[in-house]
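Quick notes on the structure that follows.
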Protein chains: 2
Amino acid sequence: MTVHDVARVAGVSIITVSRAVNTPEQVSAPTLERVRDAIARTGYVPNLIAGGLRSRRSRLVAAVVPSLSGGVFTETIESLTLALGSHDYQVLLGQSGFTPAGEDALLDALIGRRPDGIVLTGIMHSHEGRNRLLASGIPVVETWDLTSTPIDMIVGFSHERLGFDVCDFLLARGRRRLGIVSGNDDRARQRNEGFCRAAARAGVRAPQVELVPSPTTHEKGRAGLAALLEKAPDVDGVFCGSDALAMGALTECLVRSIGVPGDLSIVGHGDVNFSASLHPPLTTVRIDYDRIGRTAAQFIIDRAEGRAVENRIVDVGYTIVTRQSA
Amino acid sequence: MTVHDVARVAGVSIITVSRAVNTPEQVSAPTLERVRDAIARTGYVPNLIAGGLRSRRSRLVAAVVPSLSGGVFTETIESLTLALGSHDYQVLLGQSGFTPAGEDALLDALIGRRPDGIVLTGIMHSHEGRNRLLASGIPVVETWDLTSTPIDMIVGFSHERLGFDVCDFLLARGRRRLGIVSGNDDRARQRNEGFCRAAARAGVRAPQVELVPSPTTHEKGRAGLAALLEKAPDVDGVFCGSDALAMGALTECLVRSIGVPGDLSIVGHGDVNFSASLHPPLTTVRIDYDRIGRTAAQFIIDRAEGRAVENRIVDVGYTIVTRQSA
DNA sequence: ATGAAAGCGCTAACAG
DNA sequence: CTGTTAGCGCTTTCAT
């Protein structure tokens, strides 16, 4: 079924069918009705591939995540998909899998689709990838991070400042012997740096840092806290690089009969859906995932519709949510 | 940059460029080298949209999930994306959001891309949607479920049998006063039915069933178990419809000082990554998500390459993983 | 092994 | 408000 079939049935030209579908306000009411009737009768579904080729607007947005199953990025992807979907854009999914190697191959495959935008979620781009992106001329949104030199547009928050603030939070509650359990990705490292900087400024001893391979899990949280306690048994405040890690740390404390927050304060990162109902409820850092996704979507849509994007760097910030674990 | 630019630089015709990219074995070595050199110099990235329009193969596969953030389907999507990616297929993501209403609109948007296949994950299709799918002629894979009347191809397992087996498992361990906490989606209902059938057959009292709205979460698990205990305080074995629910139930037991598995046995469903490291480690039902994803990918690829799919119904089964919670 | 011509299904551009 | 013409970038088909 093509425009030709519909046009024949409706007794109009093919361009009228196209207009009835895309810009119905340009078609008179009776004609519109005839065309719509013909569409319903023929079961015609417009071929967006063909339309996209001619109009140079694919209404496709590529989203790249390191991994879906980590759970960290799914909420961003979800709100991105929803926000774009309401404007008739679809999301093309790419998984780079934490290695910069496969990333370039992935990028080519995605650029080959001529998407109207590419959303990079928490990715470290190689020079090569950066250049390919730039050369493609496709609008690019980087997310989950903040830098003064984005490829194009960026929406995220400062991981360094976040780490700093979490340390201050623990210090303000009287904690002095601090520790960190986190993944070994770059963003976690930035948070850790901020955390350690605040500790140094306050003059407390340097935090004991325990890194586990990303993506983080409950199990790695248990093992990470156990390893941390091995090296610094007197630790009284721990910052976990994700809520999954924090949940694991909580479990390890339960098993070892370490009181939380009595003996040990625990702060997570992410405020995922289970954090509030853990026992004890987890003090953590909330990120507005939804806003990240929606902002990225808006960036792309604005560009696609030819609107200039005034503010290319958006800081969504974060909030420390105080519950009982710290 | 188009084939024309590359052809001009390489001093060949455009079709030779196309062949150098897609079927290099049809091009002589020296020509191939000249073309590849020209591609590298021009930074040409083939336009797959244009190619797909002409060849009628989009190398695009649409995947529909109710919701990403539930966490249940992400692993399937992940392995599907990976398996398809290694054959140069990309995944177009669609979220139907548990309502059959938006599903039809989504379906049209996806069909409009003329994907080489559509993978439905755990979806209940309306008649309308079923017909559209059938009319489109696009290969369809249903997953996460089993029926004798699939739209086209299907890979999943029997939820009813699974529930039956879990009940038998609890009965074999001496549990007689059974309960269920589960989501209210159709697949959960099937598991519950199987569970209750086994209970009836064994002659024990009918299980107390507590339904919570899908998607399931830790918090709903806590609340669900609390509600269940209200109605049946003497319950000694509970089947939770997801590991998230089971984890919540475990937390609720911790808070109420109910011994697990001493006072109460708990069985989850899904065997997600945190289940083994909970305290106590969770007895649960393992589904081979990866195999579901890979089988679905293979179905689509076989069809796309014109191979006949011999066995259109694949049962991946499940395994009850015995840990300490039951 | 290479090329010329045609056309996939649609929409931009320009009439009328 | 409606139609005609041309062409998006590629691959199919048929030739050589």
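All chains are named by letter (A, B, ...) in the order of the sequence lines, taking the proteins before the strands, and each is independently numbered beginning at 1. These numbers were taken from a predicted model, which means no experiment stands behind them.
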How close or far is atom [atom2] of [N] from atom [atom1] of [X], stated in whole angstroms?
| X | N | atom1 | atom2 | value |
| --- | --- | --- | --- | --- |
| A:R54 | D:dA6 | CZ | C1' | 7 Å |
| A:R8 | D:dG3 | CZ | P | 15 Å |
| A:E33 | D:dC1 | CD | P | 16 Å |
| B:L32 | C:dA1 | CG | P | 12 Å |
| A:L53 | D:dC10 | CG | P | 9 Å |
| B:R57 | D:dC10 | CZ | P | 17 Å |
| B:H4 | C:dA4 | NE2 | P | 11 Å |
| B:I111 | C:dG9 | CD1 | P | 16 Å |

Electrostatic pair [X]:[Y] at N-O distance under 4.0 angstrom:
| X | Y | value |
| --- | --- | --- |
| A:R303 | A:D152 | yes |
| B:D104 | B:R132 | no |
| B:R57 | B:E305 | yes |
| A:E142 | A:R312 | no |
| B:D5 | B:R8 | yes |

Check this one for me: any side-chain N or O of [X] less than 4.0 Å away from OP1 or OP2 of [N]?
| X | N | answer |
| --- | --- | --- |
| A:T16 | D:dC1 | no |
| B:S13 | C:dA4 | no |
| B:R56 | C:dG9 | yes |
| A:S55 | C:dC10 | no |

Legend entry - Strand contacts (DNA chain D) in residues 17-27 of chain A, 4.0 angstrom heavy-atom criterion: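 Listed by number, they are A:R19, A:Q26, A:V27.
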Inset, instruction - Tell me which residues in residues 38-50 of chain B put a heavy atom below 4.0 Å from DNA chain D, sorted by number, or none. - result: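 Contacts with DNA chain D under 4.0 Å: B:Y44, B:P46, B:N47, B:A50.
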With a 3.5 Å cut-off and no angle check, do the side chains of [X] and [Y] form a donor-acceptor pair?
| X | Y | answer |
| --- | --- | --- |
| A:R113 | B:Q90 | yes |
| A:Q190 | A:D186 | no |
| A:Y289 | A:R294 | no |

Inset, instruction - Assess whether atom CD of A:E33 is packed by more than 12 heavy atoms of other residues, nucleotides or ligands within 6.0 Å. - result: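 No, not enclosed.
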